[in-house]
Amino acid sequence: MADRILVVEDEVEIAKAIEVYLKTQQYEVVKASNGQEALELFEKESFDLILMDLMMPIMDGVQTTLKIREKSIVPIIMLTAKSEDTDKIWGLNIGADDYVTKPFNPMELLARVNSALRRSKDYAKRVEENTDEIVIGGIKLNKMSNQVYVEEVAVRLTPTEYGILYLLMSHPNQVFSIEQIYEKVWNEVAYSGAETVTVHIRRIREKIEINPKEPKYLKVVWGIGYKFEK
């Protein structure tokens with residue numbers, strides 16, 4: 001069965017172009033012209049990934065992403081016409097997994113989509129692994145359920161956040177550079193992924209650390225990268 005992708009884009013020509021690109025990869029495409037329409041579709045149908053424009057009428061991509069994240073960890077790639085770093089970071093902070101800046105190269109868009117779907121499927125396949133849990137201090141990562149617990153309280157992570165935490169917890173005390181984290185989790189060459197990784201690390205800390213500003217587990221090693229301290 002083909003993966004279903006919801007394209008949320010108010011510019012008709014851009015939405016049509018994206019649809020053409022995605023269909024060359026045999027993806028099934030459903031389109032929405034604003035956030036409200038997207039939420040209505042999301043309530044009724046199942047999607048494997050969402051491409052979300054940032055600036056839209058009626059309900060923008062920010063509000064729509066926040067609503068979706070209240071109940072789902074479906075991969076979301078933000079589309080933005082702005083190239084400023086603050087817009088990219090803002091999109092990641094509100095729950096997007098990745099971003100593509102318009103005008104975009106079709107091959108880059110497809111690469112981002114393929115990578116996000118692959119991470120999501122890897123997340124789902126953890127149930128096939130033999131070892132059930134990784135436990136370090138008060139953090140427990142259950143591979144069978146893809147669930148993370150902090151002091152026995154379940155926390156919700158996106159597949160990307162889970163992938164980063166799984167990598168670091170699987171190799172406690174080992175320092176990974178930002179480039180290594182990006183290449184291992186995104187499964188692509190890290191030409192420019194530093195901000196993306198940094199924002200995801202910040203989001204993970206907010207979910208697993210008692211005091212994210214003074215983390216007990218997810219530590220930065222200045223000038224090198226990050227590690228999960230045991």
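In this structure, the side chains of D98 and S115 stay at 4.5 Å or more apart for every pair of heavy atoms. Using a 4.5 Å heavy-atom cutoff, the side chains of I201 and Y226 are in contact. Between L157 and Q147 there is no side-chain heavy-atom pair separated by less than 4.5 Å. Counting heavy atoms from C-beta outward, E229 and N173 have side chains that approach closer than 4.5 Å. No side-chain heavy atom of L66 sits under 4.5 Å from any side-chain heavy atom of E70. For the pair N146 and N142, the minimum side-chain heavy-atom distance is 4.5 Å or more. Inter-residue side-chain proximity for V185 and R119 is flagged as met; some heavy-atom pair is nearer than 4.5 Å. Residues F228 and I139 meet the side-chain proximity criterion, which asks for heavy atoms closer than 4.5 Å.
Cluster annotation: V155 is connected to Y166 through the hydrophobic network of ILVMFWY side chains, with a link wherever side-chain heavy atoms come within less than 4.5 Å. Tracing side-chain contacts under 4.5 Å through hydrophobic residues (I, L, V, M, F, W, Y), one never reaches Y217 starting from V175; they form parts of separate clusters. Tracing side-chain contacts under 4.5 Å through hydrophobic residues (I, L, V, M, F, W, Y), one reaches V220 starting from V197; they form part of the same cluster. Side-chain heavy atoms closer than 4.5 Å link hydrophobic residues (I, L, V, M, F, W, Y) into clusters, and following such links, possibly through other members, connects M55 to L92. Under the 4.5 Å side-chain heavy-atom criterion for grouping Ile, Leu, Val, Met, Phe, Trp and Tyr, I208 is connected to I134 within one hydrophobic cluster.
The closest donor-acceptor contact from the side chain of E9 to the backbone of E11 lies under 3.5 Å.
Here I77 is tied into one hydrophobic group with I5, V7, I14, I18, Y21, L22, Y27, V29, L49, L51, L79, V100, F104, L109, L110, V113, L117, each link being a pair of ILVMFWY side chains closer than 4.5 Å.
Evaluation of the salt bridge (charged side-chain N to carboxylate O under 4.0 Å, His left out) test over residues 50-68, restricted to residues two or more places apart or in two chains, returns D53-K102.
Taking 4.0 Å as the cut-off between side-chain N and carboxylate O, E108 and R112 count as a salt-bridged pair.
One finds the OG atom of S120 at 7.0 Å from the CD1 atom of I73 (value rounded to the nearest 0.5 Å). Residue Y149 holds its OH atom at 10.5 Å from CG of L141, rounded to the nearest 0.5 Å. Interatomic distance, I76 CD1 to D97 CG, rounded to the nearest 0.5 Å: 7.0 Å. Residue M169 holds its CE atom at 10.5 Å from NZ of K140, rounded to the nearest 0.5 Å. For the atom pair M78 CE and T101 OG1, the distance stands at 11.5 Å (nearest 0.5 Å). We find the CE-CD distance between M59 and E37 to be 12.0 Å, quoted to the nearest 0.5 Å.
Open room surrounds CD1 on I210; 12 or fewer heavy atoms of other groups in view lie less than 6.0 Å from it. Few gaps surround NZ on K207; more than 12 heavy atoms of other groups in view lie less than 6.0 Å from it.
The minimum heavy-atom distance between I136 and P172, with the atom names listed, is CD1-CB, 3.9 Å. S72 approaches V74 most closely through the heavy-atom pair OG-N, 3.0 Å. Residues W186 and R118 approach most closely at O-NH2, 3.5 Å, considering heavy atoms. Closest approach of A32 and L41 over heavy atoms only: CB-CD1, 3.9 Å. Counting all heavy atoms, side chain and backbone alike, G35 lies closest to V8 at N-CG1, 4.3 Å. Minimum interatomic distance between I94 and V62 (heavy atoms only, all atoms of both residues): CD1-CA, 3.6 Å.
Under 3.5 Å, the side chains of T198 and R202 contain no donor-acceptor pair of N or O atoms. Between the side chains of S33 and D10, no donor-acceptor pair is found at a separation under 3.5 Å.
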*Does the salt bridge (charged side-chain N to carboxylate O under 4.0 Å, His left out) test come out yes or no for K44 and E40, once each step is laid out?*
CA-CA 7 Å; K44 296 184 292 185; E40 291 172 357; 6.0 Å; no
*Yes or no on salt bridge (charged side-chain N to carboxylate O under 4.0 Å, His left out) for K219 and E209, after CA distance, side-chain angles and deciding distance?*
CA-CA 11 Å; K219 299 287 188 72; E209 299 280 3; over 6 Å; no
*Determine, stepwise, if the pair H171 / F176 fulfils side-chain contact (heavy atoms from CB on, under 4.5 Å).*
CA-CA 9 Å; H171 303 84; F176 288 87; 3.8 Å; yes
*Go through the steps for T196 and Y99 under the test side-chain contact (heavy atoms from CB on, under 4.5 Å), then give the verdict.*
CA-CA 9 Å; T196 303; Y99 62 85; 3.5 Å; yes
*Can you check side-chain contact (heavy atoms from CB on, under 4.5 Å) on K227 and L168, steps first, answer last?*
CA-CA 6 Å; K227 67 175 181 177; L168 297 178; 5.8 Å; no
_Chi angles and distances behind the side-chain contact (heavy atoms from CB on, under 4.5 Å) call for I164, K184_ = CA-CA 9 Å; I164 293 172; K184 289 179 179 295; over 6 Å; no
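Across R203, R156, H200, a single residue satisfies side chain to side chain donor-acceptor pair (under 3.5 Å) together with E161, and that is R203.
Using cut-offs of 30° and 60° on the angle between ring planes, the pair F47 and F42 is parallel.
For R4, the salt bridge (charged side-chain N to carboxylate O under 4.0 Å, His left out) partners two or more places apart in sequence, or in a different chain, are E28, E45.
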